[in-house]
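In this text, all values refer to a predicted model and were calculated from it rather than measured experimentally. We count ligands from 1, going down the list as the structure has it; atoms in each ligand are counted the same way.
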Amino acid sequence: MNKENTTNEFFTDWKYAAAPEGTEHIKLNKQYDLFINGKFVKPNSKKYYTTINPATEEKLAEVADANEKDVDLAVNAAKNAYDKVWKKMPAKERSKYIFRIARLMQERAREFTVIESMNGGKPIRESRDVDVPLAANHFFYYAGWADKLDYAFPNKKPQSLGVAGQIIPWNFPLLMAAWKIAPALATGNTVVLKPAETTPLTALKLAELIRDSGLPDGVVNIVTGFGKTGAAIVNHPKVNKVAFTGSTDVGKLIQKSIAGTNKKATLELGGKAANIIFDDAPIDQAVEGIVNGIFFNQGHVCCAGSRLFVQENVADIVISKLKQRLETLIVGNPLDKNTDIGAINSKEQLQKINEFIKIGIDEGAEMYQSSCSIPSKGFFCKPTLFLHTSQSHRIVQEEIFGPVLAIQTFRTIEEVIEKANNIPYGLSAGVWTDKGSKIFNLTSKLRAGVIWANTYNKFDPSSPFGGYKESGFGREGGLHGLMPYLSF
Ligand code: NAP
Ligand code: MG
């Protein structure tokens, strides 16, 4: 048989040759201490925990588990650096340090990229093309603002706040650190940052980079640990501002614990975005946008397009193209440059996703999964669609934070706006249509902080990001992202 002339059989047999990124150049310590006052110091707790590679379940390093005393040392180092050095430094000098951090990050981009994929499970293509360049760009962008605050907020006399306590999740470990640290430094604040328990390694590499940059001691402190370490930062009396990205549940706890204090806060919480496809949309691009919206970073994206609304008269074609596309997605080794969907970040998260898949089936929705195989070791999940879902389904209302898409159809604009908004969250949305007027109509009526039109999951340091309702408050990025770190 002439294989070249057959179609399906040939293409389904055909596989990309593996193209794994090397890890020989990566130097990881066996054990990481806390970065306090410009040095790595042993934790008072004397405790360490193991951080793993979620794609192989292999141990990568031991990481310090900071207790309240450790957090106290870090906050005092930040306060001291604020009072004695950072607050007094001319803004244009602060700017040079931030710029230097950005340059060093670019120089070490490959190292950060590989570690991000090893510790977080995300495909190397994403850490290489999205996370690391965007993280560096945030430092570049905010370096530019540091000496222009009076122009950003004319006649308002912006003042720094003091010590910023910053707590970040595991889905964009380095990028979230950059989102938090860059504007804090540009506005003259000092920092205590806690990465998520499962993804501490790029934050610790960033600590090494910050030490090498010559940033004055104590301006940035990085403490690793679990939820209680985060709580100790939030509750510390010398912390003036809390910047949190994570789940809505923890966001609510934080809001309770700072009530009655004069701490400022920004909370970037969960989401359940509507991705809306009208019948006049460019269908092939929209299908790519749906795939990018929910399968990018394994669906570990608070703004993921996890609810799909397709106009009824194009639903069949969109869904059939989507199923075909699902079959071509490559699930597996995050370090392979061909991989589209990497590892789920942790065993717990995989369990949560699998529970939701079961809930979806039990609720009566029709499940469709790619027929791909997944590695036997590590935490992986096949890209999953749910058809015939309705507003009352839990898989439509609750955040799954995995590669699971709930699909509904609609007939009219009014119907889709109502359905899209009928949810506790309001972080982001996507609209696919040929008509500018429809886009403007929807952007004014959808209750979501970020709305993409004919694209999805695009980020830029100059555009603000943040939510409505239970997705939190405050904005990060852009000029807006400076405000939460200033008093006027
Ligand atoms: P999480 O459990 O809320 O954790 C976020 C961070 O807070 C982690 O560093 C965590 O430490 C820490 N933490 C846990 N309990 C705490 C407490 N009581 N006080 C202070 N800090 C505490 O969320 P996650 O499971 O890591 O991340 C997934 C969630 O984050 C999703 O719901 C997602 O939507 C949301 N998210 C939102 C955005 C956004 O921009 N809006 C971005 C990314 C993620 P541990 O790691 O030890 O738990
Ligand atoms: Mg957690």
ask   = Could you give all pairs that pass the ring pair (Phe, Tyr, Trp, His ring centres under 6.0 Å) test and reach residues 175-195, with sequence neighbours left out?
value = His138-Trp179, Trp179-Phe465

ask   = Of all the non-hydrogen atoms in the protein, which one sits nearest to atom 15 (N) of ligand 1, and at what distance?
value = Gly227 CA, 3.5 Å

request  = Out of Gly230, Ala232, Ser257, Gly246, indicate the one that has the non-hydrogen atom closest to atom 30 (O) of ligand 1.
outcome  = Gly246

request  = Have a look at Glu197, Lys228, Glu476 and point out the one with the heavy atom closest to atom 47 (O) of ligand 1.
outcome  = Glu197

ask   = Any idea which of Thr248, Thr224, Thr245 brings a heavy atom closest to atom 42 (C) of ligand 1?
value = Thr245

Taking distance alone, no hydrogens or angles, what donor-acceptor pairs closer than 3.5 Å link side-chain atoms of residues 479-488 to residues at least two apart or in another chain?
unit_1 : atom_1 : unit_2 : atom_2 : d
Tyr485 : OH     : Gln166 : NE2    : 3.0

key: Aromatic plane relationship, Phe296 with Phe172 - under 30° parallel, 30 to 60° tilted, over 60° perpendicular   = tilted

task = For atom 4 (O) of ligand 1, state whether the nearest protein heavy atom is under 4.0 Å away.
result = no

ask   = With backbone taken as N, CA, C and O and side chain as the heavy atoms from C-beta onward, which portion of Leu269 lies under 4.0 Å from ligand 1: side chain, backbone, both, or neither?
value = backbone

query = What protein heavy atom sits nearest atom 43 (C) of ligand 1, and how far away is it?
reply = Asn171 ND2, 3.0 Å

ask   = Side chain or backbone of Phe172 under 4.0 Å from ligand 1, or both, or neither, by non-hydrogen atoms?
value = neither

task = With heavy atoms of Phe244 as the reference, note each atom of ligand 1 found under 4.0 Å away.
result = 3 (O), 5 (C), 6 (C), 7 (O)

note = Of all protein heavy atoms, the one nearest atom 39 (C) of ligand 1 is Cys302 SG, 3.1 Å

key: Flag, side chain of Asn44 to backbone of Lys69, donor-acceptor distance under 3.5 Å   = no

key: Side chain, backbone, both or neither: Pro195 near ligand 1, heavy atoms under 4.0 Å   = backbone

ask   = Side chains of Trp86 and Asn189: donor-acceptor distance under 3.5 Å anywhere?
value = no

ask   = Any sub-3.5 Å donor-acceptor pair from Glu470's side-chain atoms to Thr248's backbone N or O?
value = no

ask   = To the nearest 0.1 Å, how far is atom 32 (O) of ligand 1 from its closest protein heavy atom, and which atom is that?
value = Glu399 OE1, 2.6 Å

Sidechain-backbone polar pair: Asn354 side chain, Gln351 backbone, donor-acceptor under 3.5 Å = no

query = What's the shortest distance from atom 23 (O) of ligand 1 to any protein heavy atom, and which residue and atom give it?
reply = Ser247 N, 3.4 Å

message = Main chain of Glu398, side chain of Lys272: is a donor-acceptor contact present, judged purely on distance under 3.5 Å?
response = yes

query = What part of Ile168 sits under 4.0 Å from ligand 1 if we count only heavy atoms: the side chain, the backbone, both or neither?
reply = backbone

